[in-house]
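Predicted model only: the values in this text are computed from it and were never measured. Residues take their numbers from the sequence shown, with the count starting at 1. Keep in mind that the numbers below use all heavy atoms, side chains included, and drop hydrogens, waters and symmetry copies.
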Amino acid sequence: MEQNWIKFFTSTNFYQSEMVKQMLIENHIDAVLLNKQDFSHRNFGNIEVYIHHEDFAQAVEIMILNQINI
């Protein structure tokens, strides 16, 4: 992964992580998912949302305004 990307959100729930990613993208913040869950056992591992370092403050503000816990 390129430099300047930071982990912004982590969850074991794929759909929750996808919703966070889409909310960020809708607000013009580049976001990507990194799925670290075990393929055969979905109970192990996390799905992580990464954003650019310079977008962090705006992303936190969006999460707070939409009442999503980080």
Side-chain angles (χ1 to χ4, degrees):
M1 188 175 285
E2 295 178 22
Q3 292 183 354
N4 298 326
W5 288 87
I6 58 169
K7 182 173 26 173
F8 178 69
F9 182 81
T10 302
S11 177
T12 57
N13 184 322
F14 177 81
Y15 297 106
Q16 184 179 25
S17 297
E18 182 65 31
M19 286 175 40
V20 168
K21 177 189 139 198
Q22 289 302 319
M23 180 183 54
L24 293 169
I25 290 172
E26 288 173 6
N27 286 280
H28 310 289
I29 295 176
D30 290 333
V32 294
L33 288 183
L34 182 60
N35 189 343
K36 293 187 173 181
Q37 284 189 332
D38 185 280
F39 183 72
S40 60
H41 301 285
R42 296 276 182 207
N43 300 11
F44 302 109
N46 293 317
I47 296 96
E48 300 171 345
V49 178
Y50 283 81
I51 62 172
H52 288 284
H53 183 267
E54 60 270 7
D55 294 329
F56 183 78
Q58 183 184 1
V60 170
E61 184 178 335
I62 291 166
M63 296 288 279
I64 291 170
L65 290 173
N66 288 288
Q67 299 177 349
I68 297 175
N69 295 329
I70 299 176

Under 3.5 Å, side-chain donor or acceptor atoms of residues 53-60 against the rest of the protein: list the pairs with distances, not counting sequence neighbours.
none

Please list, one pair per line, the donor and acceptor atoms closer than 3.5 Å that link side chains of residues 20-29 to other protein atoms, with sequence neighbours excluded.
unit_1: Q22; atom_1: NE2; unit_2: E18; atom_2: OE2; d: 2.9
unit_1: N27; atom_1: ND2; unit_2: M23; atom_2: O; d: 2.8

| task | Begin from the C-alpha positions of I51 and I6 and carry the test side-chain contact (heavy atoms from CB on, under 4.5 Å) through to its verdict. | result | CA-CA 6 Å; I51 62 172; I6 58 169; 4.1 Å; yes

| query | Are the side chains of Y50 and L33 in touch, meaning some heavy atoms are under 4.5 Å apart? | reply | no

| message | Are V49 and M19 connected into the same hydrophobic cluster when the rule is that any two of I, L, V, M, F, W, Y join if their side-chain heavy atoms are below 4.5 Å apart? | response | no

| task | Take F8 and E48 through the side-chain contact (heavy atoms from CB on, under 4.5 Å) test and state the conclusion after the steps. | result | CA-CA 7 Å; F8 178 69; E48 300 171 345; over 6 Å; no

| note | Output for pair (D30 CG, H52 NE2), nearest 0.5 Å, gives 4.5 Å

| query | With S11, which residues qualify under side chain to side chain contact (heavy atoms under 4.5 Å, CB included), at least two apart? | reply | F9, N13, Q16, S17

| request: Can you spot which of I64, N66, L65 makes a side chain to side chain contact (heavy atoms under 4.5 Å, CB included) with I62? | output: N66

